[in-house]
Each structure stands twice: as structure tokens, then as C-alpha cells.
Amino acid sequence: MDRLNFQAIEKKWQSTFKTEKLYNKKSAKKFYCLEMFPYPSGKIHMGHVRNYTIGDVIARFKFMNGYNVLHPMGWDAFGLPAENAAKENNLHPKEWTKKNISEMKRQLKLMGLSIDWDLEVSTCDEKYYKHQQEIFIDFYNKGFVKRKENYVNWDPKEQTVLANEQVVNGRGWRSGAVVERKKLSQWFFDITKFSEDLLQGLDELKNWPEKVKIMQKNWIGKSTGCEIKFNIDGVNQNINVFTTRPDTIFGASFLAVSVDHPICKNFANDESYNKFKNECLKVGTTEEALANAEKIGFNTKLFATHPFIKGKKLPVYVANFILMDYGTGAIFGCPAHDQRDLDFAKKYKLEIKEVVSDNPSKPKNFDKLLEAYVGDGKMINSDFLNGLNVEQAKSKIIKEIEKLKLGEKKITFRLKDWGISRQRYWGCPIPMIHLEDGSIVPVDKSELPIKLPEDIDLNQSGNPLESHKSWKNTFHKKTGKPAIRETDTLDTFVDSSWYFLRFCSPEIKSEPFDIKKVNYWMPVDQYIGGIEHAILHLLYSRFFMRALKKNNNEIKTNEPFKGLFTQGMVCHETYKDKNGKWLNPSEVEKNSNGKFFKISDKSEVKVGPSESMSKSKKNVIDPENMIKSYGADAVRWFILSDSPPEKDIQWSNQGVNAAYNFLQKIYNLCNIVNKKVSNKNSFDKDFDLKINSYVNKITKSINNFNLNVVVANVYEIYNLFNDHLEKDISDKCLKLNLIKLMKILIPFTPHIAYECLEMLGEKEIKNWPKIDNSLILKEKIKLAIQINGKTRDIIEIEKGIDQITIEKLCKKNNKIKDKILNKSISRIIFVQNRIINFIIKK
RNA sequence: GCCCUCGUGGUGAAAUUGGUAGACACAAAGGACUUAAAAUCCUUGCCCUUUUGGGAGUGCCAGUUCGAGUCUGGCCGAGGGCACCA
């Protein structure tokens, strides 16, 4: 038996991958296959292996099917870890990043990916961020950039500002430090200008997971309602309320405002109010914290005038469940038809009036009911709205409100502007300067790039750019007057919002991208990455594409990513020693009883549930070690088998070992078939038919991302070969079909596939095996024979046989004939190529 | 609390979209080969029956249907998202 020497094979074929690319330049069909580029953290992890293997399968498959394929890779190279590493190791962020990039690039090459490295882009490269600065200035000139003084989320550990989206449960999403509120002048992208368009655009994205679209939709959070102005007795102030249920206005029994509402300034010196405010702050602002929190309010003793019910006064409360940054920070409460309002009204013994009913003849007693009624129904107790349904009532009351100039129809979005300022060094400098008169202007484009200074001191706290005097102090080109550079750098999400455009023409120096090439390659046909980017990165990129298009109407693309696939995580069991310390799988061994123990001292190990690989739990497997032990093809093969790509996968050494064994078997099979001589051919037709059927199935499966099913089908093909080796089948037939199998394997396990094809003497290795549709028609199918819906036999027949012929077959069938002959058959259900079902009266 | 997704053998999972449930693989048990081990190959895998065969069965309970893992309603459980969104 020839041993598979995967090291030699992989080295041999990787040298050809260097120059071989996936371009079919004459092809009319293009395919842009993109995987989310990695952050150069130092080494690749299994998540990368899974992501890039899936991408490589798609890219190679599309190429073999005649597409002109763009398959680039780059580095999301700015970001805080570089600064942290610099402090720890006394290594400049640039050096640290460069080192990591070259290491990870070397590792990625070991995987045998079909990446065109000539297109490599790194966001920390001034050749890249120069253009980002240009884009920033364009956006500024278009009015898409704003400067706002605002409360920001200040991460005390990272000494930087976080976007709202980057705060998780009141903590920094990276550092985990408790976020403080701080007021700073910040740069913002006006993403809210595009709220409606970003929402509408989701409908076009047919090849996106429904889940991601729903998440984005909820994030944008459009709600239609109206604003209503309430006069407040005794003070010279109004309260403007936003509601999505103006139809329930006649059921209003109170007003509630946020603790941050301007009207609360009246109580700034009120001791009991301040006590209440502190109570509210204690609960926090996260949904989780508030979910179980009791609804509490502060009675202002103020009264608002009901706009439609003469003489009716509504008490005004400050309530902990009203947020200032949504709507107007004030609501009217209609307890019968809103759960929170009902809870609140019960606590403070406020009126509860039913105004919408699904059964008007039976009034409900909400004092006793626990749940508010939020469904549709007929309006009652509502003056001129009575008898209408909810939708009709809404439009009628809005018209009335507008007529009386009490307010107007309004659409509110939940989406907030994107804060892009970061007070840190390792990011793209914002190309703005502050003049002595206080104005802030862009630098002249001819001065770009504004390079990051390299001589910085990272050991002091805060932003090193702030203290770099020679960099900070500059001149205004137009007037020659002294100026100070903006020391904030851009959020790294900006870097990744347009890298896919740069990949289309990374060589171009004069502009961010060559529009002709962008218009050819864009949109990305298949984008592949983790679900963790479902909202932020994808939404920001969608915003960028729109803003760029507004800036340059030659750009044709609106949506950057036509197809999106989000792969699941790679998981592994977790291990703890007797002291509760996490252990790496390499420190643990399984004995013959199936128990785990620590290798170093033979002590017993507690096995925890399988969780996504993370450094903190030490349940990580190093991809390079795996590649060294089993080969890149086995690692790729295993990570694609077992679980559907969108679901989490359990890494197991048994699994990768099985993959390795299978590839050895494939290699042996090629050796055997290659040497075999046989002219007997009685099984040839049947064999051709079956292989053709598999090629057809597999082609469909790849297009549907059912890659685990492809793996299973390949095992079946192998078993089929094994079964037929000793049968009367010609060596020619075996060889031709084996070549087909090897071609199928190219996208999955490219090294061994090419090696075997070379062994078999196949020269034509660029095309996917052809599917013969005439053979598909001749395929045999299995038809189930049922009696009263229960399967009694399965027969193998040719496709397309009609009912009468099948009935005849059944009457001759030993297992069936006794059950149907001389019985009163009341009905026969026949589905061609599937089943025949005899219904027999008892 | 709201939104989304998902419940199939010991395990990871298939199932032509309403038509053979458990393909394929891992693990296990038994066997073959071998002096032995490794490797390889074969068999088994719920209940009844000696076999042929029959029955139950896709979280639970109903329903629709000739036929339900798939559709409908109601429970139960797990995972994910969330900014109380008025």
C-alpha cells in the first residue's frame, strides 16, 4: 500500500497555487467571493479555518463552473490590541502588526487556499488609509459627517469612546470595563439620514439569512405614529408626546416623562425627586435589568389638559420606563391597551378605561385583568372614533390632531448616528484641522495621507497623538495660519466598510478605487463570515455604499453584499483540573475507561460542556498543529463534514483522524484503479448512471451550502467504488468516473485531488465534471408500495413508469399480492416516482 | 418582558420540501484475518417472533390528510438577539 505523504504533496501543490489564479478572463460571468478579512492577532484560529475553507470551496467551485472569480484577502489591521501589545512587549504597534500579518499569511498559505495574494490590502497601510481620508473629506463635503457634543460611552480601561453598539450590558465589548458617561465633542457619520433606505434595501437581499435581516430591521426600528402636544397647567411649558397608538387617546389616564426630560428641571431642588432619580439610575438602562424591575414613578403634581375630552386633567409622572433618547421622552399612558401602562396604573391607582374591544357587548374589567389588550377591535368610549377599527381610528385621529394643530404624523427610528471618533493612536487619522478662530476644516486633499507619526510614547495614559506636539501643530494650507490637527482617529469599523471596494483595484494610487473595476466586480456575490457581524459591520458597509454612491453617481451598486452566509462557531469540550483551573485539550488524555485525566500528574479532570473555542477557557486547538499532524486536506475535510456550515461544529480529534483515514483510502483507491486492467463491462452503464446522479446532487448541494451533505455523498461514492472493484466493470469506466470524483474533491481537498488527477494522467483539470441530463432521465428510483399508508415493500424501477404498469407489478409482487387481490380497493393514490398507496376497506 | 431560531438513535447529523425516517460518519459491542497487537474488513444496534414477519417510533397533546420529522393550534424544553422603542 502506498502511504499518503501529505507533507510532500501539499508543498508541491502549494507552490503552484502561488501563481495559479481563479480568473476566467473571457467569461461573461463574474463571481466575487469574499470572506471577512481577519484581525491580525498573531495566529489563525479554527474559526478562520472554517470561514476560509468554506470560502475556498465556493471560490474554486465557481471557477470550475466557468466564472471569472475574484478571491482576495487582506488585514483589518488597525485596533487597540496592537497598542496593548506594544505596551506589554515594548514593540511598536506597526512592528507588532507587521509581524502578525506575515505569520498569519504563512499559516493561511498552509491551508492551500485559492487566494489571489497580489490583491492583498492592509488597512494600517498608508496607501490604504490615504484613500479613507479622501472618502472622509468627500463625506464631510456632502454633509454626511457631523460634529456633536454629546454624552459618550467612555471606556476607562481603554481610555476611549465606544459606540452605543459597542457597549454590552453597560460594559465595553472588548475590555469588559464598566462604561462611564462623559461629555465630549465627537465626529459622527450621519447614518440616520439613510434609515429608511437601509430598511427598504433589506427587501432586495434575497440571498441573506432571514435572521440577519430581522436583526437589522429591529436595529433600525422604524415606528409610525404621531406627536401630540399637551398643555400643562400652571407652568408655561408643554409636553410633546410621541405615540404609535394615537387611536387610544380617549383611554389616556396619565402622562409619563423620562427623568432626563426638560420639564424635570423644575424639580432639580426637590429632595424626593432626586431620591427617585437615583432609584432609577440604580436599575440601569439595559433591557435585561429593567425586565424584572418594578415600574416606578414620581408624581410631579402637575396636570396636563386632555386635548379632546373637555375638562379632563391627566396627572404627570416621571417614570423609570421612559427613555429620553427615543421619541420625545414623553408618553401618554393608556393602561387598558399597553402592558407597562397597565402595570403602572395599577400601582398608582390611576383610571383604566377600555377604548378598543374585540367584543363591545361585553366590557372588560381591567382592574381585575392582568394583561392589557393590544389587539385589533372596535373603538368604544371614544367620541367620534367609536365604531372604527384600530387602523381607521389611527388615521382619523391623526387628521384631527393635524387639523387642530395639536401635533403631526411622525416616523421615528431607533437607529442612532454612528460615532466614529476614537481617542487612540493605532487608527486612521481624521484629516481635519482646528483653526485658531475655532473653526474646523478638512486638510487639503493634496496633503494626504495624513500619516501616523511613528515616534510615539505609548507608556503614558490617553491618546499619544494628543501629546505629540510636532505632529499636532501644523498650518492651514490655504491661509498659512497655524492650526492643530484633529487627534481622534477613526473607528476601525470605518476601515472595514469599504475594503471590499479596494480589493477590486488595490493598485490604483490616484483614487480609492477604479470605478470601472468596481462596477464590474461589485456587488460581492458571496460574503462569508461570522454572525457576530450581523448588525454593525454589515449595516455600516451598507451605509458606506449608499453614501459613496451619493458622492459619485457613476457607481452602480447600492447593496455591497448580494449574498451573505454566516458560518457557525467551532466548539470543543472544556476541561478543568481538581483546582478548577482550565486545561488545554493537549494537557488532557482519555484512558481506556473513557475517563479523562491530566497528563502531568495523572489527576482526574472534570469535563465541561462543549463551547466555542476561547482563550479564556483554554479549549482551543491550534490549526497549525493539526495541519502538521493530519495535513491541510484532512483538516479542511473534517471541518466541512459532520455539521451544516451555518451551525456550530464540535471539533474532535477522532473526527479529524477519520478524515485523514478517508483521504488515505481515496489515495489507495486511485493507486488501485490506476493499476487495474479489466475489459469486462457488464456493470459500466449502471455505474456511469450512479456517478452522474451523484455529480448532479453534489452540484446542487454546493450551491445550497449543504457542504456536510456533499461530504456524505462523497463517502457514498467511495463505498460505491469499493463495491464495484471486484465486479465486472471495465478499468476505463472506473478511471473516468474516478477522475470525476477527484474533480469534485478539488474545492474541498485540493492538494490530494490534484495529486490523484496527476497520477491518473488527467490533464484537463479546470472544469467541473459535466452532468449528462439524458442519464439522469434513465436513473432508477425506489418506489414505495403502501397499503393504507403503510409501506409494505420498496421496488427499484426506472423513472416515469405509469400507474397501470405499477399496479400490474404489485399484483405479481409476493409481499403485496395477497393483500390486494380479491380485496375491495376503495382508492389508489399514485405519485409518480414516489409511492403507490392502496386504500382497502376493512 | 419582547423578537428570532431550534428540538430526529449513545453522538454529529440526512431526509428529493407532504411520499421509504435514521443516509453518511463517529463511538460501542460481536466476529474475521493475525502467534499477538495495530491496521483492514464484516455484522449488530427499540419491542415481540426461532425465521419469514409484525409493531412502536422524529420533545409532549390534539388536528388536517390516503399519508406528517415536514402543515395548523396549544403546551414543554434549549439556544441566540435586545436599546423597557411607547
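In what follows, chains are A, B, ... by sequence order, proteins preceding strands, each numbered from 1.
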Problem - Distance below 4.0 Å between R340(A) side-chain N/O and C84(B) OP1 or OP2 - result: no
Practice task
Take atom C1' in A13(B) and the same atom in G63(B), then report the distance between them in whole Å.
Solution key: 30 Å
Exercise for the section: If the glycosidic angle is within 90 degrees of 0 it's syn, otherwise anti, so just tell me which one U17(B) is. Expected result: syn
Practice task
Could you let me know what G7(B) is paired to, Watson-Crick or G-U wobble, both distances under 3.5 Å, or none if it's on its own?
Solution key: C76(B)
Problem - Gap between atoms CD1 and C1', on I214(A) and C4(B) respectively (whole Å) - result: 6 Å
Practice task
Give a yes/no on whether any side-chain N or O of S258(A) is located under 4.0 angstrom from OP1 or OP2 of C84(B).
Solution key: no
Problem - Presence of K295(A) side-chain N/O under 4.0 Å of A86(B) phosphate oxygens OP1/OP2 - result: no
Problem - Base paired to U34(B) (Watson-Crick or G-U; both N/O distances under 3.5 angstrom) - result: none
Practice task
Please state whether the phosphate of C82(B), meaning OP1 or OP2, lies under 4.0 angstrom from any side-chain nitrogen or oxygen of R414(A).
Solution key: no
Practice task
Determine: side-chain N/O of K647(A) to OP1/OP2 of A13(B), distance under 4.0 Å, yes or no.
Solution key: yes
Practice task
Using a 90° cut-off around 0 for syn, call G81(B) syn or anti.
Solution key: anti
Handout entry: Strand partner of C46(B), provided both Watson-Crick or wobble distances fall under 3.5 Å
Key = G55(B)
Exercise for the section: Verify the distance criterion only: is there a donor paired with an acceptor across the side chains of T192(A) and D417(A) at less than 3.5 Å? Expected result: yes
Exercise for the section: For Q654(A), answer base if it contacts any base atom (sugar-phosphate contacts may also be present), sugar-phosphate if it contacts only those atoms, and nothing otherwise; contact means non-hydrogen atoms under 4.0 Å. Expected result: sugar-phosphate
Problem - K148(A) to F188(A) six-membered ring, cation-pi geometry met (6.0 Å, 45°) - result: yes
Handout entry: Any K665(A) side-chain N or O less than 4.0 Å from OP1/OP2 of A25(B)
Key = no
Practice task
Would you kindly say whether E573(A) and Y575(A) are connected by a side-chain donor-acceptor distance under 3.5 Å?
Solution key: yes
Exercise for the section: Check F254(A), Y317(A), F298(A) against Y348(A) for a ring-ring contact (aromatic ring centres under 6.0 Å, His included) and give me the one that passes. Expected result: Y317(A)
Practice task
Kindly say if R792(A) contacts the phosphate of G55(B), meaning a side-chain N or O under 4.0 Å from OP1 or OP2.
Solution key: yes
Exercise for the section: Examine C84(B): is either OP1 or OP2 under 4.0 Å from a nitrogen or oxygen in the side chain of N320(A)? Give yes or no. Expected result: no
Practice task
Give a yes/no on whether any side-chain N or O of T412(A) is located under 4.0 angstrom from OP1 or OP2 of A86(B).
Solution key: no
Exercise for the section: Look at N661(A) and A39(B) and indicate whether a side-chain polar atom (N or O) is within less than 4.0 Å of OP1 or OP2. Expected result: no
Handout entry: Any S643(A) side-chain N or O less than 4.0 Å from OP1/OP2 of A13(B)
Key = yes
Practice task
Looking at every strand, decide which applies to N837(A) at a 4.0 Å heavy-atom threshold: base, sugar-phosphate, or nothing.
Solution key: base
Fill in the blank from the handout: Side-chain atoms of R834(A) come closest, of A13(B), G19(B), A86(B), to G19(B)
Exercise for the section: Would you check if V355(A) and I249(A) make a side-chain contact, meaning some heavy-atom pair closer than 4.5 Å? Expected result: no
Practice task
Please work out whether the ring planes of W637(A) and F662(A) are parallel, tilted or perpendicular, with thresholds of 30° and 60°.
Solution key: parallel
